[in-house]
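Beneath this line is the structure, given in structure tokens, with notes to follow.
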Amino acid sequence: MLITVKGLVLKERAYGENDKLLDILTDSMGLITVSAKGVKKANAKNSSVAQMFCYANYCISESKGRYILNSAEPIRIFYDIRLDVERFALASYFCELLLYTSTYEQSGEVLRLILNTLHFLEDKNKEPKLLKSIFELRLMSEIGLVPNLIGCCECLTYSAPQMQFDLKGGKIYCENCCGARDLRTFEVIDETLLHAIRYIALTDMERLFSFKLSQDYLEMLNVITERYIKLQLDKHFSTLVFYKTITNGKNYE
Ligand SMILES: [Zn+2]
């Protein structure tokens, strides 16, 4: 049986001497693993579409629950991301997050989110840190781990100069209602940060990438979205460690 799906390769693994296994995030079948035979040979017909960050129309045959790559038409290969180590590391982290969260209930928007993020990452007009925060928080929203951002979870105060974001509970408190809680999994957020968090979690995908933050706020937002992922998923991501090793101490002018 032949199946045609649009999909993005999140991971490629060598398999045998000439083959690869591809983990592909598809538009209609979720995450699937596809065996790509012979693609490591010189001049193999499918070699360009059997690599990480390739988005293509894949024609796949299915037999006994295994998928085998038949042919593919590339739609977009995010090739330039591989040429810059910081962007490559960040994109690899996004892919690891997607592989890990593929067991969660995903909306169809997840593929769109990663394609848009990779587009802006390759384009180089947007700060990688901004893209990181957008991707982290929006992914959590799309898989059903969106924080409750309506207002203070107890008195519904919509906004205040200073509020507390409970990263583990996924809710916010005003200063009055927060009281004497264990604040180790909390982050203080002001109105600018609260607005940015609400925007990323809740706005339409069309407008998701069209906002800016100052460098100071970007740093704070990064701490918050990264901690939110860590506390919600309780998982160590080796690609994030690699990304941080590269960017550690780097100045963003
Ligand atoms: Zn309150």
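Atoms considered below: every heavy atom in the structure, side chains included; atoms not considered: hydrogens, waters and symmetry mates. Every number for a ligand or one of its atoms is a count from 1 in the order of the listing.
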Is a salt bridge present between Glu62 and Arg66, judged by a nitrogen-to-oxygen distance below 4.0 Å?
no

Near-ring test Tyr93/Tyr243, centroid separation under 6.0 angstrom
no

Any N/O/S of Cys178 under 2.8 Å from the Zn ion (ligand 1)?
no

At the Zn ion (ligand 1): angle between Cys152 atom SG and Cys174 atom SG, to 10 degrees
120°

Aromatic contact, Tyr58 with Tyr67 (centres under 6.0 Å)
no

Carboxylate-amine/guanidinium proximity below 4.0 Å for Arg138 and Glu109
no

Metal-centred angle, SG of Cys155 through the Zn ion (ligand 1) to SG of Cys177, rounded to 10 degrees
110°

